[in-house]
Structures are given as C-alpha cells and as structure tokens.
Amino acid sequence: MLLHDKFGRAITDLRISITDRCNYRCVYCRTGNEGAQYADLKLAEYLRMVRILISLGIEKVRITGGEPLLRRGVVDFVREVSELRTPGGRKLDVAITTNGHLLEQLAQPLKDSGLSRITVSMDAVDPQKFAWITRVTGGFERVLAGIRAAKRAALDPVKVNCVLLRGFNDDQIVEFAKFSREEGVIVRFIEFMPLEEGRVWSPDVVVTLDEIVKELSKWRPLRELPAHVTSETARRYTFDDGVGEIGIIAPVSKPFCGHCSRIRITSDGKIRTCLFSLFDHDLYAVMLRGGDDHEMGEYVRSVVEKKEARHHIGEPGFLQPSRSIVHIGG
C-alpha cells in the first residue's frame, strides 16, 4: 500500500537535503555567525533512503541543501536517482533547488544525468541589493549565468524563487516580473515564513499574495492560470499578452496544508513531516542499527501517520520549528 497520512493525503513528493553547507549567508536566512550545524551522510545512504521511499509511492524527488551543488558527486547522485523507477515502472520527476552560484558549469552535466527541472533561489535582480542580501560579492552575475545555462540545457521550466520581505526587497516585485518576461523563466514569490536563524519573523514583514497581485496589476494586467495538479503550492498568473509567468506561494495568508503531499529528509537523515514540525524522526538511526529495507519502510509509514494537519503560523501559541529552513532543506 502506498503512503497516505491519517488525513487521507497521498505522500508523493520527497525533498532530501544532501548537505547542510551553503556558500551564501543570506541575511533573512542566516545570522551570519553560524555555518553548517548538522552532518552530511554518504551519498549512497541518501540513495538508499530515496529508493525505499520510492517503493512506498514517492514520485517526485527534489534535491536540496544547504547548497546541493557544493556536494562533490552531485551529478552522479542525480544520475543514480533518475535511474530509479516507481512501483509502476514510471520515471521519476527529479529536481534541484540551488542558489545558482555554481550552476553555469553544472547545468548541462545535470541535464545529461537525468535532472528534470531546476529552481534557483534569487531574492533580487539588482546586483547591489543581491550582494547585500547574500553577503557575497559578484554573485548576481554568477547566478544569472547559471540561469541562462539552465535554459540552454533545457532544464525546463527554469523557476526562480524570491522570498519577499516588507521594506527589504519588496521593491523588486515588478523588476522580477520584467525578468520573467525577458529571460523566459517562471518567477515565484514566496511569503516570508518564520524559518530563519535569527527568529525575527513577524506578520508585519510578510508581503501577502493579495499585495503582490495588486502591485503587479498596477504595472500590467494579470490573468490567473489554472493549477496543474491539486497539490500545487503556487497560484499561477501571466500577463495580458501571455508573456511571462508568475507564481505566488502563500503559506501564511492562504495556507495549502489540506493538499500537502510532501515529506522531507534532512542532511543528517531525519524525517520531517512538515516545515514547521517541532520534532525530527531519525531514519538514519534505523539504518545504522542494521534495519533492512522493510524495517526502514515501516518506520517511514509510522512517521507519516504523525504528519500534522496544518501549520499554525500567526496563531496564539505558535511555536517556531526546531530547525531553521537552511538546516531543513528548502
């Protein structure tokens, strides 16, 4: 029987972090004083976890970090994952989320290894603001070159994710719309969630979906696009002339927990059933004590049974998760 939680949601999407290291220190994500906090496993150990989860019904695998392209052997790992098949014999949808700094040289090898799609995290299209956010000099040009290399390699659709914070980079909304149209990429705005190391989140900092739509519509008329699948997290829009695509992921103002199909594995082999979980579940410990594939699979099933109905952002008594986003996997 394939994976379902106690609320009847099919669990078909896996996000697996293959390193806790990152070469950026984005100011809204990291305090700047802490680097990697958790261990990396051997790539073969991640591969075994992926294989077991696919046998239970996972159809999409997204490789994350930290920054996954820092991990030596990432191209071979993508190849090994892409060679796996679902119980019904179907190919997997294999994707990576990256900051794009190392992408220019790796885009074609990743495509050749079987990567389906790529998402680049990028929070400004102004080079100076980009450097200020990432605390890395010259990064904007590197990331732009990586995005263009991904386009040439046909890692379609190339998605660019931007986390918006009020008074921080909300002046980039229209600039990103222009970027989508000019570069032929899908831009997705993400509402800021309480997942940063500095624990400075407040509702006032969140730029909501309705505000983003209003700002874009002042620049050029928008029309909403239909969702591809029920579990899709982004609301999709294009402009009146059909050029460019904007997605808006609104976990704060318009939560989509009722359709959640995700499970996460951290770089140190812990299962997380929600970004906002207060607990980790140690799949790696089951592996270390000699658990066979069946035992590991049954452990996964027991953890999925504990998957939360929803998050409680902004509600009285809300507790921030036990890890920040960079140590969970984006």
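- Of all non-hydrogen atoms in M49 and G269, the two that sit nearest each other are CE-CA, 4.0 Å.
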E67 vs T98, side chain to side chain donor-acceptor pair (under 3.5 Å): CA-CA, chis, key distance, verdict: CA-CA 6 Å; E67 172 45 49; T98 171; 2.8 Å; yes

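- The residues D5 and K306 are annotated as not salt-bridged, no charged nitrogen and carboxylate oxygen being separated by less than 4.0 angstrom.
- No chain of hydrophobic side-chain contacts below 4.5 Å, direct or via other Ile, Leu, Val, Met, Phe, Trp or Tyr residues, connects W219 to L225.
- Hydrophobic clustering (ILVMFWY, side-chain heavy atoms < 4.5 Å, transitive): V243 and V213 are in distinct clusters.
- Closest approach of M296 and M287 over heavy atoms only: CE-CE, 3.5 Å.
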Stepwise side-chain contact (heavy atoms from CB on, under 4.5 Å) check, D93 with R117: CA-CA 8 Å; D93 181 345; R117 296 177 292 112; 3.0 Å; yes

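- Atom OG1 of T19 is separated from atom CG of L43 by 9.5 Å, given to the nearest 0.5 angstrom.
- With hydrogens and angles ignored, the 3.5 Å screen pairs a side-chain donor or acceptor of D40 with a backbone N or O of D20.
- The hydrophobic cluster containing L222 does not contain I186, counting ILVMFWY residues as joined when their side-chain heavy atoms lie under 4.5 angstrom apart, directly or transitively.
- With K159 contributing its side chain and S121 its backbone, the two residues share no donor-acceptor pair below 3.5 Å.
- With hydrogens and angles disregarded, no donor-acceptor distance shorter than 3.5 Å links the side chain of K111 to the backbone of A150.
- Annotation: side chain of L3 is in contact with side chain of L53 (closest heavy-atom distance under 4.5 Å).
- Annotation: the span from E104 atom CD to L144 atom CG amounts to 9.5 Å, rounded to 0.5 Å.
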Test log, rule salt bridge (Lys or Arg N to Asp or Glu O under 4.0 Å), inputs D293 and R48: CA-CA 8 Å; D293 287 3; R48 184 180 175 196; 3.0 Å; yes

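- With contacts defined as side-chain heavy-atom distances shorter than 4.5 Å, the pair D13/I263 does not qualify.
- Remark: side-chain polar atoms of S116 are paired, donor with acceptor, to backbone N or O of V94 under 3.5 angstrom.
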V143/N99 under side-chain contact (heavy atoms from CB on, under 4.5 Å): CA gap, chis, key distance, verdict: CA-CA 7 Å; V143 175; N99 62 29; 5.6 Å; no

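- Rounding to the nearest 0.5 Å places OG of S302 at 7.5 Å from CD1 of I271.
- Using a 4.5 Å heavy-atom cutoff, the side chains of E224 and R236 are not in contact.
- In terms of heavy atoms, I173 sits closest to D170 at CG1-O, 3.4 Å.
- The shortest non-hydrogen separation linking V81 to L92 is O-CD1, 3.4 Å.
- Inter-residue side-chain proximity for T119 and I96 is flagged as unmet; no heavy-atom pair is nearer than 4.5 Å.
- Classification of E298 and R301 as a salt-bridged pair holds, one side-chain N sitting under 4.0 Å from a carboxylate O.
- A cation-pi contact links R181 to F239, judged by a cut-off of 6.0 Å to the six-membered ring centre and 45° from its axis.
- Of all heavy-atom pairs between K151 and E183, the closest is CE-O, 3.6 Å.
- Atom CG of L47 is separated from atom CD1 of I54 by 8.0 Å, given to the nearest 0.5 angstrom.
- With hydrogens and angles disregarded, no donor-acceptor distance shorter than 3.5 Å links the side chain of E182 to the backbone of F179.
- Nearest heavy-atom pair across E308 and F7 is C-CE1, 3.8 Å.
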Derivation of the side chain to side chain donor-acceptor pair (under 3.5 Å) call for T208 and E191: CA-CA 6 Å; T208 67; E191 292 180 344; 5.0 Å; no

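- When side chains are defined from C-beta on, N169 does not count as touching F192, because their heavy atoms never get closer than 4.5 Å.
- Looking at heavy atoms from C-beta onward, K129 lies out of side-chain contact with E175 at the 4.5 angstrom threshold.
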R25 vs V136, side-chain contact (heavy atoms from CB on, under 4.5 Å): CA-CA, chis, key distance, verdict: CA-CA 8 Å; R25 295 180 297 123; V136 171; over 6 Å; no

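- To the nearest 0.5 Å, the span separating NE2 on H4 from CD on E305 amounts to 11.5 Å.
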K218/E215 under salt bridge (Lys or Arg N to Asp or Glu O under 4.0 Å): CA gap, chis, key distance, verdict: CA-CA 5 Å; K218 285 192 298 185; E215 187 68 21; 3.4 Å; yes

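- Of the charged side-chain nitrogens involved, at least one lies within less than 4.0 Å of a carboxylate oxygen, so that D241 and R220 count as a salt-bridged pair.
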Steps toward side chain to side chain donor-acceptor pair (under 3.5 Å) verdict (R223, T238): CA-CA 6 Å; R223 59 182 174 87; T238 190; 5.1 Å; no

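- For K6, the NZ atom is densely surrounded, since the number of other residues' heavy atoms within 6.0 Å is greater than 12.
- Inter-residue side-chain proximity for F130 and Q172 is flagged as unmet; no heavy-atom pair is nearer than 4.5 Å.
- Put simply, CH2 on W132 and CG on D126 are 11.0 Å apart, with the number rounded to the nearest 0.5 Å.
- Of the residues listed (K270, R264, R272), the one engaging D280 in a salt bridge (Lys or Arg N to Asp or Glu O under 4.0 Å) is R272, and it is the only one.
- In this structure, the side chain of Y46 engages the main chain of L41 through a donor-acceptor pair within 3.5 Å.
- Under the 3.5 Å distance criterion, with hydrogens and angles disregarded, a donor-acceptor pair is assigned to the side chains of R62 and T97.
- When side chains are defined from C-beta on, V185 does not count as touching P157, because their heavy atoms never get closer than 4.5 Å.
- If you chain together hydrophobic residues whose side chains sit under 4.5 Å apart, L288 and V286 fall into the same group.
- No salt bridge links E245 with R188; every basic N to acidic carboxylate O contact stays at or beyond 4.0 Å.
- Of the possible donor and acceptor atoms, none in the side chain of S217 sits under 3.5 Å from a partner among the backbone N and O of P221.
- Under a hydrophobic clustering in which Ile, Leu, Val, Met, Phe, Trp and Tyr are joined whenever their side-chain heavy atoms come within less than 4.5 Å, directly or via other members, Y237 and V174 fall into the same cluster.
- Taking the charged nitrogens against the carboxylate oxygens, D204 and R166 have no contact shorter than 4.0 Å, which rules out a salt bridge.
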Evaluation steps, side-chain contact (heavy atoms from CB on, under 4.5 Å), between C274 and R262: CA-CA 8 Å; C274 174; R262 293 179 180 174; over 6 Å; no

Worked check of side chain to side chain donor-acceptor pair (under 3.5 Å) between R21 and S267: CA-CA 9 Å; R21 294 175 295 127; S267 67; over 6 Å; no

